[in-house]
Amino acid sequence: MKPYDLSASRPKLGLLTNPHSRRNRARLAAVNAIVANHPNILHHITEHPRQISDALRAFAAQGVQVLAINGGDGTTAQVFTALLEGGAFTTLPYVILLPGGTTNVNANDVGLRGRLDTAVARMARWARGEGGTPEHRVRPILRITGATHGAPLCGMFFGAGSIIRGIEYCQDKFHARGIGNSIGPGLAMARVLWGMFRNDPRFATPTSMRIALDEIDDAPPRDLLLIMITTLDHLIMGMRPYWGTETGALHCTWIEQRAQSLLRLFPSVLRGKPGAGATAERGYFSHNAGEIRLWVDGTFTLDGDMHPASTETGPLSISKGGELEFIGIGS
């Protein structure tokens, strides 16, 4: 429970903006105009990720109750890491995610959707007490240790295997041309699936790794087409590609290279309703876990940012790093 009731007073809100994220490059002036001289909003623009911790400490010292993050998915991961690992706040603030990036997967699940300036204006009216109904959603946050650079990482979506190739393809073919939101990732996903089905080495080359779930120590080598671990309820285009029944906070899904009937079953897998054909025995696996350990050499993504992993430094450990309470603001 938070020590303050948002319904009892107008909240003090700290807005943290990444000016380099895609939508901010075009609409930062509009965002500034909306929040300028707002009595309840403190605005920090962070030119570099290393400035995030300083901004959070300033917000905490000024009594900020709600932290609004204006950037893309990578920005949210950087802020989550600083927020949960840095200790600036004695009590964690509520969090509002604004759609300031290219794809905005995190904001689409637990934040504000639509045009950036429209979302900021709605948030500003709510902070003035001029309407808007707060919708509260609590989500666990991933904590990853064991990356080659050593520092812990926090975020909401981990991926490896063909997911990396899909992100790279999307950035090259679609984001570079200004195609954002879910259109580019959706087209890239279709291309990756077709490449896996056709055994195109650009997309179908497996990633070898060992995976241990919770207390299970036996971790045989596996050749995976892809693996994803997330605490999000829905991904792009409403996808929900997990169907485990366990109570763990982390949704973990992988598809092995040996998976059968991939083209036919993939649409149902993306909906989390794989049917009788997508079983662990046939190379499809989904489980809700508390901790996942991965021994892998190569690259993984956390909320769109790329990070290196090596078995020489031990396994990646992915667990629940805490919970954040997100606010959506209805009209």
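- Between Phe80 and Glu85, every side-chain heavy-atom pair lies at or beyond the 4.5 Å cut-off.
- Between Thr76 and Asp73, the side chains place no donor N or O within less than 3.5 Å of an acceptor N or O (distance only, hydrogens not considered).
- Using a 3.5 Å distance cut-off with no hydrogens or angles, the side chains of Asn24 and Asn70 do pair a donor with an acceptor.
- When hydrophobic clusters are built by joining Ile, Leu, Val, Met, Phe, Trp and Tyr residues whose side-chain heavy atoms come closer than 4.5 Å, directly or via intermediates, Ile167 is grouped together with Val105.
- Smallest separation of non-hydrogen atoms from Pro99 and Leu112: CD-O, 3.2 Å.
- Within the 4.5 Å cutoff, side-chain heavy atoms of Leu225 are placed close to those of Leu262.
- For Ser286 (side chain) and Trp243 (main-chain N/O), a donor-acceptor pair under 3.5 Å exists by modelled atom type.
- Gln62 CD: more than 12 foreign heavy atoms inside a 6.0 Å radius.
- Taking the six-membered ring where the residue is Trp, the centroids of Tyr94 and His136 are separated by under 6.0 Å.
- With respect to the salt-bridge test (charged N to carboxylate O, under 4.0 angstrom), the residues Arg139 and Asp109 qualify.
- Checked by atom type, the side-chain pair His43/Thr17 shows a donor-acceptor distance below 3.5 Å.
- By the criterion of side-chain heavy atoms lying less than 4.5 angstrom apart, applied directly or through intervening Ile, Leu, Val, Met, Phe, Trp or Tyr residues, Leu263 is grouped together with Phe266 in one hydrophobic cluster.
- Between His44 and Phe59, a ring centre-to-centre spacing shorter than 6.0 Å is recorded.
- Residues meeting the side-chain contact (heavy atoms from CB on, under 4.5 Å) test with Ala278, sequence neighbours left out: Leu265, Val269, Pro274, Tyr284.
- Relative orientation of the Trp254 and Phe285 rings is parallel, given thresholds of 30° and 60° on the angle between their planes.
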